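Report on the structure given below.
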Amino acid sequence: MTFSTDPKPAGLPIQLFLPKYRVDECLDQIRECFTAGWTGLGFKTLEFEAAWKTYTGLPHAHFLCSSTAGLHLSFHILKSELDWRDGDEIITTPLTFISTNHAILYERLKPVFADVDEHLCLDPLSVESRITERTRAVVFVGVGGNTGRLEQIADLCRRKDLRLILDAAHMAGTRLRGKHVGSEADVSIFCFSAVKNLPTADSGMICFRDEQYDSLARKLSWMGIDKDTYARATSQGAYKWKYDVEHVGFKYHGNSIMAAIGLVQLKYLDQDNGYRRQLASRYRTNLSSCGPVGLIPDLPECETAQHLFQIRVNNRDELIMALQAGQIYPGAHYRDNTEYPMYSHGGGTCPGAHRASEELVSVPLHLGLSKEDVDYISSCVRQYAGK
Ligand SMILES: Cc1ncc(COP(=O)(O)O)c(C=O)c1O
């Protein structure tokens, strides 16, 4: 794919994210839902799950209303099925969106923070140093689409008999040694919110390795009911209305309108991620010789989804203000979660993540940007970084 040649309309601010929808194709897919009279669970959600399994090669996939729901279901299912106790420990990162860590608390488990490495992902040595008798799992976040040292963490989890949960919110389309990510973990959760690489409006996918857990996730995401409404609507017999409630479940399932959008977006995911990588490589070239700007190292074995392009500077807040004055609106991913009251027990334990959280800037990265936009943003960064 070549760079977009659309000039940026004069005076239009450059936002951090801007979702791209193939409007007519999405509307055609959505029209099918309206015509069939089916917008809920089933129908397009099943089609999208099948398409996602084919695309990723993962054995199971269940479509949800969000990836936060998927993270919660992961801890809920693993805790109940593996007999974890309240207060059992989950090793996690402070450098993430709070959903990752809130999901641990929802299940009355204890987040134990480990530090990150130069890829902004969990550092295996730090993780190992945090393991105790009560550690049950590690949750790994592929920040920005990066795999970091995921393989080493997976190996550590195997050796120590810990479960691995992959928060793959940024990783739709990330490949590691040619294979889509996800199979390294016991469960992987992808995010399809409006600002992610496969934007719907709000939805996510939970992919368990184990078929039994996948089938439990299906029931739990629909209130614990054993038979979903689509299965009942498409079945026959006097008892087609009847169902059993096996668990106290949640209303977490995805719907056919979101799945319809997802089916269209999935067709373009590789192409879109390829374009993101081109933009990133342009940023890299423009900024590599700019002394005050630190870049996150590329990993040769990882074809990243490139959800973010992050840089590190010492004067982060001034740089953000200067960019805003130039109509450029960057972001910062993420604030050290141990600064929030419910995670303050981890304060001071992860100096690398804390420093990163004070230095990181995410510069705009989306499909509406042209090469010229990236050059313009880079020149502003070069001008103001380190000032
Ligand atoms: C790393 C990470 N985990 C989880 C989530 C939660 O995703 P959702 O909005 O689908 O619940 C996000 C969303 O921003 C995220 O970036």
Side-chain angles (χ1 to χ4, degrees), residues 15-19 45 48 52 61-76 90-107 111 113-114 116 119-122 137-148 150 153 164-174 181-182 185 187-207 217 221 250-255 257-259 261-262 265-266 276 296 304-310 330-337 340 343 353 356-357 360 362 365-366:
Q15 301 295 351
L16 171 64
F17 297 132
L18 181 70
T45 68
F48 188 36
W52 185 251
H62 178 44
F63 188 54
L64 297 171
C65 61
S66 74
S67 89
T68 303
L71 286 160
H72 180 206
L73 274 184
S74 302
F75 290 112
H76 183 83
I90 309 296
I91 300 180
T92 183
T93 170
L95 206 63
T96 184
F97 184 61
I98 39 141
S99 291
T100 319
N101 291 320
H102 277 10
I104 300 172
L105 293 185
Y106 295 161
E107 286 299 315
F113 292 96
V116 302
H119 303 289
L120 309 175
C121 298
L122 280 178
V138 176
V139 53
F140 185 94
V141 182
V143 177
N146 276 329
T147 48
L150 173 62
I153 300 270
L164 177 58
I165 294 136
L166 178 62
D167 181 340
H170 301 182
M171 300 180 112
T174 290
V181 284
V187 55
S188 303
I189 307 99
F190 297 87
C191 172
F192 307 136
S193 74
V195 297
K196 294 299 192 294
N197 292 41
L198 192 157
T200 59
D202 240 339
S203 60
M205 194 76 86
I206 187 167
C207 302
S221 69
F250 311 92
K251 185 77 166 63
Y252 277 176
H253 64 81
N255 68 58
I257 303 290
M258 292 302 119
I261 301 171
Q265 304 288 53
L266 180 56
R276 286 173 175 276
I296 312 304
T304 171
Q306 200 74 68
H307 174 56
L308 301 171
F309 191 82
Q310 293 172 286
H333 298 89
Y334 288 95
R335 186 162 164 204
D336 175 354
N337 282 194
Y340 303 126
Y343 303 116
S357 90
L360 284 167
S362 301
L365 186 71
H366 56 75

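What you see is a predicted model; the values in this text were computed from it and never measured. Both ligands and their constituent atoms are indexed starting at 1 by order of listing. Only this structure's heavy atoms are used, side chains among them; waters, hydrogens and symmetry mates stay out.
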So Tyr252 and Phe250, would you call those rings parallel, tilted or perpendicular, with 30° and 60° as cut-offs? parallel

Ring pair (Phe, Tyr, Trp, His ring centres under 6.0 Å) with Phe309: which residues, sequence neighbours excluded? Tyr283

For Phe63, give me all partners under ring pair (Phe, Tyr, Trp, His ring centres under 6.0 Å), at least two apart in sequence or on another chain. Phe48

When you look for protein heavy atoms under 4.0 Å from ligand 1, which residues do they belong to? Ser66, Ser67, Thr68, Leu71, Thr96, Phe97, Ser99, Thr100, Val141, Asp167, Ala169, His170, Cys191, Lys196, Tyr334

Intermediate values then yes/no, side chain to side chain contact (heavy atoms under 4.5 Å, CB included), His253 and Thr45: CA-CA 9 Å; His253 64 81; Thr45 68; over 6 Å; no

Counterpart residues, ring pair (Phe, Tyr, Trp, His ring centres under 6.0 Å), relative to His170 (two or more places apart): His307

Heavy-atom pair with the smallest gap, counting every atom of Leu360 and Ala332: O-CB, 3.8 Å

